[in-house]
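What follows is a single structure, written as structure tokens, with notes after it.
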Amino acid sequence: QVNVVESGGGSVQAGESLRLSCAASGRSFATYVMGWFRQSPGKEREFVASISWSGDSRLNYADSVKDRFTISRHSRLSTVYLQMNNLKPEDTAVYYCYVTIQGNGRRVWGQGTQVNVSS
């Protein structure tokens, strides 16, 4: 029983910033990894970034967003943030948050939040 909810999407011009949030909630679960994928019309869903709940908070970024996006997590809650700076038109997509559950490795997805970047 896990629910995943994203927020923070919107429309901006190139060079501006957005901060996405994602909260996972439910009973009797533990977070292993949380992160983000995105999908544009006519394209495959692609990985964006992730962060683990291990002691070293392992980070992963797609090359296309490295040095522009920063993923972080709450100190104790199953909540993740994606700070997106210097946005580009090619960042336009629906951004989907996910949580990977400890113990079974299942990935639970949110409904997505739209990000539009105009030139």
Side-chain angles (χ1 to χ4, degrees):
Q1 298 184 22
V2 180
N3 295 313
V4 180
V5 179
E6 307 101 329
S7 63
S11 297
V12 299
Q13 293 185 337
E16 296 182 342
S17 299
L18 284 172
R19 187 173 188 255
L20 306 183
S21 298
C22 175
S25 62
R27 293 170 56 88
S28 301
F29 83 98
T31 302
Y32 177 56
V33 173
M34 291 186 72
W36 299 87
F37 279 66
R38 67 186 182 186
Q39 188 168 22
S40 299
K43 294 185 177 181
E44 298 292 327
R45 186 172 296 190
E46 65 175 348
F47 172 78
V48 176
S50 68
I51 186 168
S52 75
W53 259 249
S54 63
D56 62 358
S57 298
R58 185 178 181 87
L59 304 174
N60 290 284
Y61 294 98
D63 288 342
S64 59
V65 306
K66 187 177 181 180
D67 299 324
R68 297 189 298 120
F69 292 10
T70 302
I71 191 168
S72 60
R73 63 176 175 88
H74 194 277
S75 60
R76 63 182 182 88
L77 301 178
S78 294
T79 301
V80 69
Y81 311 97
L82 186 67
Q83 179 67 43
M84 305 186 295
N85 295 328
N86 192 25
L87 284 161
K88 302 176 180 180
E90 53 263 41
D91 296 318
T92 295
V94 178
Y95 284 70
Y96 296 94
C97 177
Y98 72 90
V99 55
T100 302
I101 307 301
Q102 287 191 24
N104 58 29
R106 293 184 178 182
R107 185 174 289 176
V108 182
W109 295 90
Q111 296 297 312
T113 185
Q114 179 72 51
V115 172
N116 294 311
V117 185
S118 62
S119 60

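Quick note: numbers below take in every heavy atom, side chains included, and nothing from hydrogens, waters or symmetry partners.
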Identify the two heavy atoms, one from Ser64 and one from Arg38, that lie closest to each other, and give their separation to 0.1 Å. OG-NH2, 3.5 Å
Within a 6.0 Å radius of atom CZ on Arg45, are there more than 12 heavy atoms belonging to other residues, nucleotides or ligands? yes
Contacts of Tyr98 that satisfy ring-ring contact (aromatic ring centres under 6.0 Å, His included) - sequence neighbours left out: Phe37, Trp109
Find out whether Asn116 and Val12 are in side-chain contact, i.e. whether some heavy atom of one side chain is under 4.5 Å from a heavy atom of the other. no
What pairs with Tyr81 under ring-ring contact (aromatic ring centres under 6.0 Å, His included), at least two apart in sequence or on another chain? none
Is Tyr96 close to Gln111 at the side-chain level, that is, under 4.5 Å between some pair of heavy atoms? no
Determine, stepwise, if the pair Val115 / Met84 fulfils side-chain contact (heavy atoms from CB on, under 4.5 Å). CA-CA 10 Å; Val115 172; Met84 305 186 295; 3.9 Å; yes
Taken in chain and number order and not counting sequence neighbours, the residues that satisfy ring-ring contact (aromatic ring centres under 6.0 Å, His included) with Tyr61 are none
Hey, is CD on Gln13 packed in by over 12 heavy atoms from elsewhere, all under 6.0 Å? no
Flag yes if more than 12 heavy atoms outside Arg107 fall under 6.0 Å of its CZ atom; otherwise flag no. yes
Cluster question for you: counting only ILVMFWY and a side-chain heavy-atom cut-off of under 4.5 Å, with indirect links fine, are Phe47 and Val94 together? yes
Within a 6.0 Å radius of atom CG on Asp56, are there more than 12 heavy atoms belonging to other residues, nucleotides or ligands? yes
So do the side chains of Leu87 and Glu16 get within less than 4.5 Å of each other, counting heavy atoms only? no
Report yes if the side chains of Ile51 and Val80 come closer than 4.5 Å at any heavy-atom pair, otherwise no. yes
Please find the pair of heavy atoms, one from Ser54 and one from Arg73, that lie closest to each other, and give the distance. O-NH2, 3.8 Å
Determine whether Asn85 and Phe69 satisfy the following criterion, side-chain contact (heavy atoms from CB on, under 4.5 Å), listing intermediate values before the conclusion. CA-CA 6 Å; Asn85 295 328; Phe69 292 10; over 6 Å; no
With a 4.5 Å heavy-atom cut-off, do Val33 and Trp53 have their side chains touching? no
Under a 4.5 Å cut-off applied to non-hydrogen side-chain atoms, are Leu20 and Ser7 in contact? no
I want to check something: taking the side chain as every heavy atom from C-beta on, are Ser50 and Met34 in contact at a cut-off of under 4.5 Å? no
Heavy-atom count check: over 12 atoms from other residues, nucleotides or ligands less than 6.0 Å from Phe29 CZ? yes
